[in-house]
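Report on the following structure.
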Protein chains: 2
Amino acid sequence: MRKILEAAERLFAVNPAATMEQVAQAAGVARTTVHRRFATREALVEELTGWAARRFAEAVESAHPDSAPPLVALYQVTVNVLRVKTDWWFAMNRTAGDSHREAARVHAEVREGCDRLLRRAREAGVLRADADLDWTRRVYYALIHEAATEAAAGGASGGGDAEALATRVVDTLLRGFGSPTGPVIA
Amino acid sequence: MRKILEAAERLFAVNPAATMEQVAQAAGVARTTVHRRFATREALVEELTGWAARRFAEAVESAHPDSAPPLVALYQVTVNVLRVKTDWWFAMNRTAGDSHREAARVHAEVREGCDRLLRRAREAGVLRADADLDWTRRVYYALIHEAATEAAAGGASGGGDAEALATRVVDTLLRGFGSPTGPVIA
DNA sequence: ATGACTTGCAACATAGATGTTGCAAGTCAT
DNA sequence: ATGACTTGCAACATCTATGTTGCAAGTCAT
């Protein structure tokens with residue numbers, strides 16, 4: 001069953017319309033077996049979004065975002081999330097938010113936790129006082145997604161790579177790419 | 001025909017598996033009409049990716065990325081792209097890169113143009129000397145996508161909003177969110 | 001060896017989506 | 001008015017994906 005979920009996650013990340021037959025093949029089982037485990041395709045999708053969301057939330061929670069120093073927490077959350085490699089939640093989150101209440105609830109909670117962390121970071125002087133937290137969080141999410149995509153494409157083997165990527169993500173979030181002495185636009 | 005493409009673009013951005021019937025309804029025509037214009041669903045998708053790619057390339061080109069001052073070009077490219085609102089190309093670019101040669105070629109050219117612009121920006125001191133151009137470009141694309149998504153969700157009406165969003169995108173790209181006197185991680 | 005469980009396979013049924021065809025009505029230019 | 005073109009509608013054909021069922025083989029614990 002775990003095998004099926006993992007295969008589904010990989011497939012759906014690339015093609016949300018992947019068939020049950022494709023999932024079965026990727027999992028190395030017969031389609032009947034997939035049907036036995038998940039009564040319908042919808043049930044598989046539901047289970048998968050819930051599973052992905054829980055893993056994501058656990059990755060975030062294990063970084064202690066509410067108690068660790070803001071910068072440390074930011075970095076650790078990023079490392080943990082990159083390690084989990086939940087390719088799926090990002091794509092699916094966009095198209096099925098409303099029909100998967102559990103996953104939507106988990107993501108909403110994670111979002112609130114992220115907002116709290118960013119607020120703490122702002123108060124601690126890690127972020128600029130005028131940083132728009134909503135936009136900051138969206139950018140943060142996008143950066144993680146890009147890093148995860150790059151890791152998946154490069155055949156990353158986890159471990160050290162997740163840490164280097166997380167460093168890159170947090171650095172980009174805090175500093176951007178502009179030259180310290182270069183022009184600014186706003 | 002234009003009406004059909006626009007409807008398809010909107011629908012496929014949200015659900016790549018949208019049916020021809022849904023496209024027809026969104027376009028306000030009969031499905032037969034859609035089939036008369038596009039022999040197959042695949043033909044519609046092919047046309048759409050090509051159309052979106054061309055519009056995107058035109059938006060970029062009209063900002064004169066090779067001759068305008070780097071910062072100005074960065075900003076103008078962003079404004080133009082946000083104005084075009086090609087929701088489609090981003091999602092589809094991920095799943096069908098290989099089967100749409102024209103679109104893939106156009107995007108590859110735009111990517112090269114973007115790399116040239118970023119290189120110029122680095123040489124001009126707009127970007128840090130150690131900025132990784134590949135990662136910079138990926139982040140730039142992701143920021144545009146986030147801004148476009150936000151505009152679409154907020155029912156933006158173009159014009160002034162595209163400029164404010166572009167300012168935000170370029171500002172985020174250059175400065176990030178960190179406090180000038182705050183800690184750094186790399 | 002036996003029973004319980006799991007799995008693959010083959011066959012079948014159904015629904016939905018795609019693609020096709022023919023006809024009538026509407027529009028437009030001459 | 002007439003011919004050319006466009007469109008919607010209804011009906012049909014085909015295919016694919018999903019879901020279901022029954023059977024045989026394999027695995028495991030007793």
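All values below come from the heavy atoms of this structure, side chains included, with hydrogens, waters and symmetry mates left out. All chains are named by letter (A, B, ...) in the order of the sequence lines, taking the proteins before the strands, and each is independently numbered beginning at 1.
Atom CD of A:E21 is separated from atom C1' of C:dG8 by 12 Å (rounded to the nearest Å). We find that CG of B:N15 is positioned 13 Å from C1' of C:dA17, with the value rounded to whole Å. Between A:R41 atom CZ and D:dT18 atom P there is a gap of 6 Å when expressed in whole angstrom units. Spacing between atom CE of B:M20 and atom C1' of C:dT20 amounts to 13 Å, rounded to whole angstrom units. Rounded to whole angstrom, the span from the CZ atom of B:R2 across to the C1' atom of D:dT6 amounts to 20 Å.
Taking every side-chain heavy atom of B:T19 into account, C:dT18 is the closest of D:dG8, C:dG19, C:dT18. Comparing C:dC9, D:dA17, C:dG19 by their closest approach to the side chain of B:H35 singles out C:dG19. When each of C:dT20, C:dT7, C:dG22 is scored by its nearest atom to the side-chain atoms of A:R36, the top-ranked nucleotide is C:dT7. Relative to the side chain of A:T33, the nucleotides C:dT7, C:dT18, D:dG8 differ in distance, and C:dT7 lies closest. Listed candidates were D:dA17, D:dG19, C:dG8. Nearest to the side chain of A:R31 is D:dG19. Of all nucleotides listed (D:dG8, C:dT7, C:dG19), C:dT7 comes nearest to the side chain of A:R37. Side-chain proximity of B:T32 to the nucleotides D:dC9, D:dG19, D:dT7 is greatest for D:dC9.
Put simply, CD on B:Q22 and CD on B:Q25 are 7.5 Å apart, with the number rounded to the nearest 0.5 Å.
In this structure, B:R175 and A:R128 have side chains that are in contact, with non-hydrogen atoms separated by less than 4.5 Å.
Between the side chain of A:R137 and the backbone N or O of A:E112, no donor-acceptor pair lies under 3.5 Å.
Between B:E58 and B:R54 there is no salt bridge, since no side-chain nitrogen of the basic residue lies less than 4.0 Å from a carboxylate oxygen of the acidic one. Contact check on B:E123 versus B:R119 returns no salt bridge, with no Lys/Arg side-chain nitrogen under 4.0 Å from an Asp/Glu carboxylate oxygen. Between A:R10 and A:E6 there is no salt bridge, since no side-chain N of the basic residue sits under 4.0 Å from a carboxylate O of the acidic one.
The 5' end of DNA chain C is approached more closely, in terms of each residue's nearest nucleotide, by A:V29 than by the other of A:V29 and B:F38.
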Structure string for DNA chain D in dot-bracket form, Watson-Crick and G-U at under 3.5 Å, | interchain: ||||||||||||||||||||||||||||||
Audit row: B:R105, B:E109, salt bridge (Lys or Arg N to Asp or Glu O under 4.0 Å) steps and yes/no: CA-CA 6 Å; B:R105 178 180 55 76; B:E109 289 175 2; 3.2 Å; yes
